[in-house]
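In what follows, a structure is listed as structure tokens, so that the remarks can point back to it.
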Amino acid sequence: MDYIEIFKALSNETRLNILCWLREPEKNFPPQGENLSNPIDLKGGICVSSIQEKAGASQSTISNYLDILQRCGLLLSERHGKWTYYRRNEETIKILSDYIGTKL
């Protein structure tokens with residue numbers, strides 16, 4: 001795990017907000033998956049357009065931010081048709097929390 005890359009990712013207010021919002025997606029975003037032909041369990045995943053709307057940033061900026069968060073392991077993504085849904089990687093966040101609690 002590259003802690004430096006994680007801390008760099010978290011140094012941006014919008015990226016940090018995205019992680020906070022995804023902690024409780026049902027409170028922060030509208031219901032998801034209504035555009036899918038078959039109902040599936042999205043495991044709390046949120047589509048880019050919903051994140052973009054909440055953040056008030058361009059689609060390209062949010063896509064870039066989501067990519068950064070995913071590359072350092074803080075987010076997981078799942079593609080369903082033309083839609084990609086993002087959710088927190090709780091395993092990585094737990095490891096990061098333990099690291100902060102014991103090493104810093």
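None of these values were measured; they are calculated from a predicted model.
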Exercise for review: Give every residue pair that meets the salt bridge (Lys or Arg N to Asp or Glu O under 4.0 Å) criterion with at least one member in residues 6-15, sequence neighbours excluded.
Suggested key: E5-K8
**Study point:** Contacts of I95 that satisfy side chain to side chain contact (heavy atoms under 4.5 Å, CB included) - sequence neighbours left out
**Key:** M1, Y3, E91
Revision key, fill the gap. The complete set of salt bridge (Lys or Arg N to Asp or Glu O under 4.0 Å) pairs with one or both residues in residues 57-66, sequence neighbours excluded, reads none
**Study point:** Straight-line distance of S49 OG to W83 CH2, nearest 0.5 Å
**Key:** 5.5 Å
Practice item. List for me each residue that meets salt bridge (Lys or Arg N to Asp or Glu O under 4.0 Å) alongside K27, sequence neighbours excluded, and say none if there are none. Key: E24
Review point. What is the distance from atom CG of N17 to atom CD1 of I51, rounded to the nearest 0.5 Å?
Key: 12.0 Å
Review point. Which heavy atom in P25 sits nearest to a heavy atom in I46, and how many Å separate them?
Key: CB-CD1, 3.7 Å
Point to revise | Straight-line distance of N28 CG to L22 CG, nearest 0.5 Å | key: 8.0 Å
Exercise for review: Output every pair passing ring-ring contact (aromatic ring centres under 6.0 Å, His included) with a member in residues 5-34, not counting sequence neighbours, ordered by first then second residue.
Suggested key: none
Check your understanding: In chain order, what residues pass the side chain to side chain donor-acceptor pair (under 3.5 Å) check against E53, with sequence neighbours excluded?
Key -> none
Practice item. Apply side chain to side chain donor-acceptor pair (under 3.5 Å) to Q32 and list each qualifying residue two or more places apart in sequence or on a separate chain. Key: S50
**Study point:** Expected output: side-chain N89 to main-chain L76 donor-acceptor under 3.5 Å
**Key:** no
**Study point:** Y85 with L75, same ILVMFWY side-chain cluster at under 4.5 Å
**Key:** no
Check your understanding: With sequence neighbours left out, what residues match T14 under side chain to side chain donor-acceptor pair (under 3.5 Å)?
Key -> none
Would you be so kind as to tabulate the donor-acceptor pairs closer than 3.5 Å made by side chains of residues 97-104, with sequence neighbours excluded?
from: D98; atom 1: OD1; to: K94; atom 2: NZ; distance (Å): 2.8
from: D98; atom 1: OD2; to: K94; atom 2: NZ; distance (Å): 3.0
from: T102; atom 1: OG1; to: D98; atom 2: O; distance (Å): 2.8

Solution key, residues 65-72 side-chain donor-acceptor pairs under 3.5 Å, sequence neighbours excluded:
from: Y65; atom 1: OH; to: N12; atom 2: ND2; distance (Å): 3.3
from: D67; atom 1: OD2; to: R71; atom 2: NE; distance (Å): 2.8
from: D67; atom 1: OD2; to: R71; atom 2: NH2; distance (Å): 3.2
from: Q70; atom 1: NE2; to: S77; atom 2: OG; distance (Å): 2.7

**Study point:** For I62 against Q52, the heavy-atom pair lying closest together
**Key:** CG1-CA, 3.7 Å
**Study point:** Approximate separation, where rounding is to 0.5 Å, of I18 CD1 and K54 NZ
**Key:** 11.5 Å
Practice item. Can you sort out the partners of K43 under side chain to side chain donor-acceptor pair (under 3.5 Å), two or more places apart, ordered by chain and number? Key: E78
Point to revise | Donor-acceptor contact present, side-chain S63 to main-chain Q59, <3.5 Å | key: yes
